Structures are given as structure tokens and as C-alpha cells.
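Hydrogens, waters and symmetry mates are skipped; everything else that's a heavy atom, side chains included, is used. Please read these numbers as outputs of a predicted model, since none were measured by experiment.
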Amino acid sequence: MNPSSATAPATLRGAVREALQLALEDAIRQGALPALDEPRLVEVQRPGNPEHGDYATNLALQLARPLRKPPPAIAATLAEALARQGGVVAAAEAAGPGFVNVRVANDALAEILDHARREPDRWGRLGAPEGPAPRHVNVEFVSANPTGPLTVGNARGAFVGDLLARVLEAGGQQVTREYYFNDSSAQVRNLGASVLAQREGRPVPEDGYHGDYVVALASQLPDELAAPRPGESDDDARAWAIGHWASARIREGIEASLARLGVRFDVWTTEGSLAAEGWVERAIGRLREGGHLFEQEGATWFRSTAFGDDKDRVVIRSNGELTYFAFDIGYVVQKFSRGCDHLIYIWGADHHGTVARVRNAAEAMGYDKARVEMILTGWVHFVRDGVPISMSKRAGTFITLDELLEELGVDAARWYFASRGANVNMDVDIELARRQSSENPVYYVQYAHARIASILRKAGDAGLSPAATVTGVLDEPPDATLARIVARFPEVVEDATAAQETQGVTTYATELATAFHAYYRDARVIDAEAPGRSAHRLALVDATRITLASALGLLGISAPEAM
RNA sequence: GUCCCCGUAGCUCAGUGGACAGAGCGGCCGCCUUCUAAGCGGCGGGUCGCAGGUUCGAAUCCUGCCGGGGACGCCA
């Protein structure tokens, strides 16, 4: 049993699962259990109560019906066969209504922790997925229109998308972070008209943009753009030109805000380029060849209902203009043509109505629908001292992402979003969040990391250094408890990757920090009277530090050496 | 009307088939001559929206209802 080899399971849980599978086959071979008609999925879980051991299986409960035997009897047989396996299994016993509880061997525990310390950069990083799993995942998120600064509303998508990308990367997949930049819609002209009106002291159009940033843009507007061109009486052309200038300036601000968050994008795709490079045309061509388009009332429609949608969808309007949907499907073709295996979109909950049509069109164009996935984020409902804050870019009443970061800090904000499901609506009282930011759980976790860093520094000063292995202290209760939690980290990453969620990581990081703070209380690490034990404890504490740093790093949060 | 998401402790949220339902914050009481008190220990706090059903077992799955939010455009 060697977890560091390529073929061995990367997790203790996986090793136990393998042992259980072998134990089942063994019991059948020996006639202790009847043969199964069909293979059963062997599940290993973690008991809620630590007294029940490190891992448990409900296999006996599952087998009771097909084998027509009482669960406790099956559990007893399985426990015996498991105990015979040895290796990762130190002890196995039947318990409760038919569970089999397993205690892992100290050797296996030590091996996985020592491995973490030998290769800290790979700790919790899973290998590339085997089989047909997607390898190159495209995650498109934020994609806010360039008509104003990013708001706290956009923040949800920014964090959810970046966190998802990080989790997928930890799961061994290649990720492209992508931003769709809408540079050619009427909103841009509208923005230009607003800036121009502001510049000329005229009232901003009713459906224009009213924020302070419009005023700022107006004052920065170069004269040659503001002035009407000779022979050009058309205000519309001027509005477009100014709109493009303004949206470019806004994009710079958006990029700067995102950089502040620690979010970087690999690819920025503009709406204009999708048309100019022929992607929209190609997409429409594919649909037409497949017979999925029809003409009605002067418009061209995609027969989305043939794929289960409740309505058909217009691709080309009767005035000849392309719909937003047309760009969407052009973009799908572009992304797949670039070699992406799997597309994920982070959209606000208000976009749920567009999910079906895009996936249907992908299928109609010959792509696997399962490879086009939308994650819808819930609303963030902001209040300030109990008063709801309306979030309108046009009215200019919104909180910018930059303001949020100023009040909370990047680490606290990241933690806040990482610890909640993407699809739940959440209420945030800005004042409350600001006041409580110093009590944010993220600092609790960071503090544990800083404390360990301090111990390691002090140990160095005292001439003590960590041993190569933690073996030697795993029989002592405080050490055994902490070591087991540290060893679980790869399983947490595995689960986070499978679920495409990060809540489990924050929950785990908090649990690990709690365990360390208790350990700090109960176990003396630096002890000149017992240098041997100190060395092993330093190794354990170092593994804990690496794990805390990896968990925080997975969330894009810093792990300070001192606080 | 149809469709989607949500409903768990005073507040904000984890837990989505297993063995007594958790955390943070807030409240109350203790602990710094000892490796960082941004810490530790203790107390109090829940008909898991409601009602049925499936299951050996349901906060978790199914149905219906109630409550909150959202979407139903030749807008983006």
C-alpha cells in the first residue's frame, strides 16, 4: 500500500474502498457470503461520530435485500474479511444497524502526510481525470457589459467563476477563463449619448446612464470626439464613437477591478469579433444544413421546440439584425473550434430562460449537449443598515466591486462567496459585513497558519527541525486526531471537484483550523526535554500548515506567515 | 397561467439517502508568568416551511400545498 505511487488511490478513502471491494470478493470466494447477481457499488463514507472510526460503509445494509440476510450478520462477515486485508485497514468492526466501521493504519496515515510534505505543491491536486472526462474546460463568467464599473452584483459571478476554475484545475483539468465583452450593442451607443449629454450640459436621456462615472468620463472626453465633425450632423454617429471610447475606458477599469480580486482572464472575446470572423454565420449555416431553421413573418427562427424548449427562438430578426442568441451560438462554435471539450457558463439566475435554447442549439449543431453547462448564481440582496440598496447602473445607484473590497478586503470577500452555494440567494448587510469583517472566519483559518509558521520559526531558533516523518507521534491522542483531519484534504478536493463547489473547502479549512487550535492547547510542540517527539510534532504541524495554505490557496486566499 | 431557484438555531449560512442535525456571528459565564488570546473551555438556542408518500433508514428522493425570489421579447 503506497499512496504515492501512480496506481494507488490518492486518498485514504479510496484505499479503504479498494480494500472493501477486495474483502467482499474474498468473502464470496470463501463462501461466507452468497455470490451477487450484479456488482454492487461499494461506498465508503465518513461517520459523523469519530468514535465510530475513520471510515464506514453501509454495504451490508445495501446487500441485505439481494442476499436475503440480516444486515448485522453481513456486516460481521465483511468486517472479518476486511480485517484480514490488513494494509490500510487497522481494524474493522460491525456496528449499529449494519455499518462496518474501519480504523486506518498509522503507517498509511503517516505515508500520506509525509507525502504531502515532500510534494507540497501537489498536495490535494488530483491527477488528470481518466476516461472520457473533459480535459479542456472553458469557464465564461462576469461578461458584464462595458457600460459602467463592476458592481457588487457582478462580484458574485466573478468569485463563483474564479473559484470554479480553481477547483477544476485542482481536479487536473485545463481551464480557460473567458470574458465575453459586448462592444457593439445599442447599450454602447446609449452610453455614448449619455456621456455626450453630460459633456454638453444637457439632461441625460431618460434611459441613459446617470452614475458619477458618466460625469467623470464626460470631463475626460477628448475634444475631437466631443465636437461634431464637419459635414456630419448625425448625433447618432457621434454617440457611437463616444460610446466606443467610453466602453474602452470602462473596460480598463473592469480589468483593474478584477485584477484587484486576483481574477485574471485568459481570453476576452468581443461580440463584434464573432460576427466579423464569421462565427455567427457558421453557426447559422450549420443549423440551416441540419434543417433546424425556418422562416416566419420575415424572421429566421431556430426550431428549439424540437429539442424540448417551450418556444422557438428568433436568430435573425425581420429587420435583418442578428439577435443576441445568434451571437451566443456563434460563440459556441468558436469555443469548440478552439479545442474546448466542455463549456461552462456562470450566469445570473435571471438568465435561466436562455439555458435551454443555447444547449438545444449546440445539440442541433452536432455538439454533445452534456458538454454545454450553465451554472446559475443566486441573487445577492444588499442592504445597508436594513435598507435595501437598489442596484441600477442606469440610475447610478449601485455599490461598486471596488467599494466592497475596500470595506471587506479581498480575503474576507472571497471566503464569503466561497462558503456559500452558487445558486442560493443571499442577504448581505454592507454595514454589518464591514463591522464583522474582523470576525470573519477566514482570519481564524489564517491565524492557525500564522501560529504554525511562528512555531516553526521558534523551533528553528531553538535548533529543532522537523523530522522526515510524522511516524512516532500518531499514537498520542492529540496528534492522532489532528493527523486524521489533515489526511482528509485530498478527499475534500475530490468532492469539491466532483460537485463543482467550494463550500466543502471552507468548512474543512475551518475544521482543520479548529483542530489545530485545540492541538496547540493540548500538545507542546517545542520541547527541549523531548527533542525526538518535538521533531515528529514539527513534521505534523508542518503538514498542517501546508494543508491550510493549500486549502486557502485553492480559494485564492493568502496564507500569512504572521498576523 | 407555465417554468426555474430558495425555505435548516435570534442573524448569515453549511449539511442533499445513513448511526444523537452543524459552523460563524450575536447572548451569558470562565481562561493570558507557558510555542501568537485574531485563541481556548462552558451554558443557552432547532416541529430541518406544511401534509402525504417511497425506503431497513428522509433535512436529503417523489407528489401536493404555503411562503420568498426570478424568468417567460423579432431586448441584451
Starting from P on B/G15, measure out to CG on A/Asp495 and report it in whole angstrom. 11 Å
Given the C1' atoms of B/A71 and B/U12, what is the spacing between them in whole Å? 27 Å
Give A/Pro47 one of three labels, base, sugar-phosphate or nothing, depending on what nucleic acid heavy atoms sit under 4.0 Å from its own. base
Using the side-chain heavy atoms of A/Trp379, tell me which of these nucleotides is nearest: B/G39, B/G41, B/G70. B/G70
Flag this pair as yes if the NZ/CZ of A/Arg156 is under 6.0 angstrom from the six-membered ring centre of A/Trp379 and inside a 45 degree cone about the axis; otherwise no. no
For A/Gly421, report the nucleic acid contact type (base, sugar-phosphate, nothing); a contact means any heavy atom under 4.0 Å. sugar-phosphate
Between A/Val470 and A/His536, is the side chain to side chain contact (heavy atoms under 4.5 Å, CB included) condition met? List the steps. CA-CA 5 Å; A/Val470 298; A/His536 290 123; 5.7 Å; no
Between atom CG in A/Asn425 and atom P in B/C5, what is the gap in whole Å? 12 Å
Nearest to the side chain of A/Arg420, heavy atoms from C-beta on, is which of B/C5, B/C13, B/C74? B/C13
Nearest-angstrom distance from the residue atom CE of A/Met426 to P of B/C11: 18 Å
Apply salt bridge (Lys or Arg N to Asp or Glu O under 4.0 Å) to A/Glu476 and A/Arg533, showing your working. CA-CA 10 Å; A/Glu476 308 208 27; A/Arg533 189 175 69 171; 3.5 Å; yes
According to the Watson-Crick and G-U wobble definition with distances under 3.5 Å, which dot-bracket string, read 5' to 3', encodes RNA chain B, using [ ] for crossing pairs and | for pairs with another strand? ((((((((.[[[[.)..(...]]]].(((((.......))))).....[[[[[..)....]]]]])))))))....
Does the structure place the NZ or CZ of A/Arg303 under 6.0 Å from the centre of the six-membered ring of A/Phe294, at an angle of no more than 45° from the ring's axis? yes
With a non-hydrogen cut-off below 4.0 angstrom, is A/Val424 in contact with a base, only sugar-phosphate, or nothing? sugar-phosphate
Scan A/Glu561 against the nucleic acid and name what it touches under 4.0 Å (heavy atoms): base, sugar-phosphate only, or nothing. base
Got a sec, which pairs hit salt bridge (Lys or Arg N to Asp or Glu O under 4.0 Å) with one end in residues 503-512 of chain A, sequence neighbours left out? A/Arg488-A/Glu511
Grab the CD-P distance between A/Glu140 and B/A76 for me, whole Å please. 16 Å
Here the salt bridge (Lys or Arg N to Asp or Glu O under 4.0 Å) pairs for residues 54-64 of chain A, sequence neighbours left out, are A/Asp54-A/Arg484
Suppose we call a contact any N or O donor and acceptor under 3.5 Å apart; does that hold for the side chain of A/Glu297 and the base of B/C74? yes
For a quick check, tell me whether the side chain of A/Asp310 and the base of B/A71 share a donor-acceptor pair closer than 3.5 Å. no
Is the number of heavy atoms from other residues, nucleotides or ligands under 6.0 Å of A/Glu51 CD greater than 12? no
Output the single nucleotide from B/A76, B/C6, B/C3 whose closest atom is nearest the side chain of A/His352. B/C3
Nucleotide B/C5, atom C1' - distance to CE of A/Met374 in whole Å: 17 Å
If you check the A/Thr354 side chain, which of B/G41, B/A19, B/A76 turns out closest? B/A76
Apply side chain to side chain contact (heavy atoms under 4.5 Å, CB included) to A/Trp347 and A/His352, showing your working. CA-CA 8 Å; A/Trp347 283 349; A/His352 108 263; over 6 Å; no
Ring centre gap for A/Tyr180 and A/Tyr331 strictly below 6.0 Å: yes
Near RNA chain B, which residues from residues 448-461 of chain A have a heavy atom under 4.0 Å away? A/Ala450, A/Arg451, A/Ser454, A/Ile455, A/Lys458
What contact category does A/Asn182 fall into here, base, sugar-phosphate, or nothing, at under 4.0 angstrom with non-hydrogen atoms? sugar-phosphate
Round to a whole Å and report the spacing from NE2 of A/His52 to P of B/A19. 10 Å
Rounded to the nearest angstrom, tell me the gap between atom CH2 in A/Trp301 and atom P in B/G73. 10 Å
Would you say the ring centroid of A/His449 lies under 6.0 angstrom from that of A/Phe516? no
Name the nucleic acid region contacted by A/Ala186, choosing base, sugar-phosphate or nothing; use a 4.0 angstrom heavy-atom cut-off, strictly under. nothing
For A/Leu376 against A/Gly348, the heavy-atom pair lying closest together: CD2-O, 3.8 Å
Which residues in residues 505-520 of chain A have at least one heavy atom lying under 4.0 Å from any atom of RNA chain B? A/Thr507, A/His517, A/Tyr520
Take A/Arg451 and A/His517 through the test side chain to side chain contact (heavy atoms under 4.5 Å, CB included) and record every step on the way to the result. CA-CA 9 Å; A/Arg451 259 185 158 179; A/His517 288 309; 3.1 Å; yes
Have a look at A/Ala528 and say if it touches a base, only the backbone sugar-phosphate, or nothing, with a 4.0 Å heavy-atom cut-off. nothing
Can you find a side chain N or O atom of A/Gln503 that sits less than 4.0 Å from OP1 or OP2 on B/C13? no
Within the structure shown, what part of the strands sits under 4.0 Å from A/Ala299 by heavy-atom distance: base, sugar-phosphate, or nothing? base
Would you mind telling me which of B/C20, B/G68, B/C74 lies closest to the side-chain atoms of A/Asn49? B/C20
Filtered N/O pairs between nucleotides 16-18 of chain B and protein, under 3.5 Å:
from  : atom 1 : to      : atom 2 : distance (Å)
B/G18 : N7     : A/Asn58 : ND2    : 2.8

A/Arg524 side chain N/O closer than 4.0 Å to the phosphate oxygens (OP1, OP2) of B/U34? no
Does any donor-acceptor pair link the side chain of A/Ser318 with the base of B/C74 at a separation under 3.5 Å? yes
Could you give me the CA-CA distance, side-chain angles and deciding distance for A/Asp461 and A/Arg457, then say whether salt bridge (Lys or Arg N to Asp or Glu O under 4.0 Å) is met? CA-CA 6 Å; A/Asp461 295 344; A/Arg457 280 193 301 268; over 6 Å; no
If the cut-off is 4.0 Å, is A/Asn440 near the phosphate of B/C25, judged by side-chain N/O to OP1 or OP2? no
Taking the six-membered ring of A/Phe417 as reference, does the cationic atom of A/Arg420 (NZ for Lys, CZ for Arg) lie under 6.0 Å from its centre and within 45° of its axis? no
Given A/His351 and A/Tyr345, is the ring pair (Phe, Tyr, Trp, His ring centres under 6.0 Å) satisfied, shown in steps? CA-CA 11 Å; A/His351 280 66; A/Tyr345 297 78; over 10 Å; no
Select base, sugar-phosphate, or nothing to describe what A/Asn101 touches, counting heavy atoms under 4.0 Å on all strands. base
Please determine if a side-chain N or O atom of A/Lys311 lies less than 4.0 Å away from the OP1 or OP2 oxygen of B/G73. yes
Test salt bridge (Lys or Arg N to Asp or Glu O under 4.0 Å) on A/Asp542 and A/Arg545; report intermediate values, then the result. CA-CA 5 Å; A/Asp542 188 41; A/Arg545 183 190 61 76; 3.1 Å; yes
OG1/A/Thr300 to CG/A/Leu322 distance, rounded to the nearest 0.5 angstrom? 9.5 Å
Of the nucleotides B/U12, B/G70, B/C75, which has the atom closest to the A/Arg317 side chain? B/C75
Could you tell me the separation between the CD1 atom of A/Ile316 and the C1' atom of B/G73, rounded to a whole number of Å? 17 Å
